Amino acid sequence: MTDTAPITLLLVDDQPLLRMGFRLILEGEDDLQIAGVASDGAEAVRLVEELNPDVVLMDVRMPVLDGIEATRAITASGSCSRVIILTTFDVDEYAFAGLQAGASAFLLKDAAPSDLINAVRVVASGDAVVAPRVTQRLLETYVRGAAARPAPAAPAPDPLLAGLTPREREMLEAMAEGLSNAEIAHRYFLSEATVKTHVRRILTKLHLRDRVQAVVYAYETGLVVPSNPDY
C-alpha cells in the first residue's frame, strides 16, 4: 500500500475480546502494525517505554493503573507516543480528564471500524482533532459545567501566550472553535499550507503535543470563553 513505515500501535484494554476485536480490525490494514497489547495501565506504561509505539489505544477503566493515570505517565515521560482514550459514552466523565492528562483524542468503543482506522491515522499524523463533533460536545459539556460552578480567581496569563503573534492567536482561537485547517484557511483567506505552518509554530511555542492539546490549553488559560449560550 505504501513504502513508508507502518504506524505502530499498542492496544490497552483489560477485556481480551475487545483487544482481539481491535487487533482483527487494525491488522487488516497494510499501513498499521500491532506492536503489543497490555491488560492494565501499568503494563501499558512499561510497554510504551519498551516499544515506543506511534499510537496507544487506551481503555479508561482498568485494574492496577487506570487509563487516565497511565496516559499522564506516558506524556510526562516525554514519549512521542500519542494516546487515544477509549470511552463508552461521548460525554464520559473521564474523557476530558484524559485530554487534560495528555491524550490526543478520544474515541467511542462502538465506533465503526472505518472510524477507528481513520482515528489512528489522523492521530499518528498529529494534524487534526479526531471526531470533531464528539470532541466539541465534550468541550461544551466541560465549559458549561465550569460555568455553573462559582467563578474562581482569574488564572494568571501564561507568559508563553505573549510569544504568539496576533495572527497565531487568531489561529489558536479558530482551532479552539473546532475549525479544520481548510475552514481556517477559508476564514482568513490563507492557503492550507500557511495554516499548517502557523499551527506548527503555535504548538512549538506553547510546548504542546498536538491540536487537541492546543484546544484544551485555549480553554484552560481563558483565551477562549464561550459567549454563545448554545455553544
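By convention here, the first residue in the shown sequence is residue 1. Fair warning: this is a prediction, and the values are worked out from it, not measured in the lab.
- Checked by atom type and distance alone, the side chain of E43 pairs as donor or acceptor with a backbone atom of S39 at under 3.5 Å.
- Residues meeting the side-chain contact (heavy atoms from CB on, under 4.5 Å) test with T204, sequence neighbours left out: none.
- For the pair T75 (side chain) and T71 (backbone), a donor-acceptor distance under 3.5 Å is present.
- No side-chain donor-acceptor contact under 3.5 Å links R121 to the backbone of I7.
- Between the D54 side chain and the T8 main chain, a donor and an acceptor come within less than 3.5 Å of each other.
- In the hydrophobic clustering (ILVMFWY side chains linked at under 4.5 Å, chained through shared members), L17 stands by itself.
- No donor-acceptor pair under 3.5 Å is formed between the side chain of Q100 and the backbone N or O of Q213.
- If you check the side chains of S79 and S77, you find no donor sitting under 3.5 Å from an acceptor.
- The number of heavy atoms from other shown groups lying within 6.0 Å of CD (E27) is above 12.
- At distances below 3.5 Å, not a single donor-acceptor pair connects side-chain atoms of R82 with backbone N or O atoms of V55.
- For the pair L9/R23, no side-chain contact is recorded, criterion being any heavy-atom separation below 4.5 Å from C-beta on.
- A donor-acceptor contact under 3.5 angstrom links the side chains of S191 and T194, judged on distance only.
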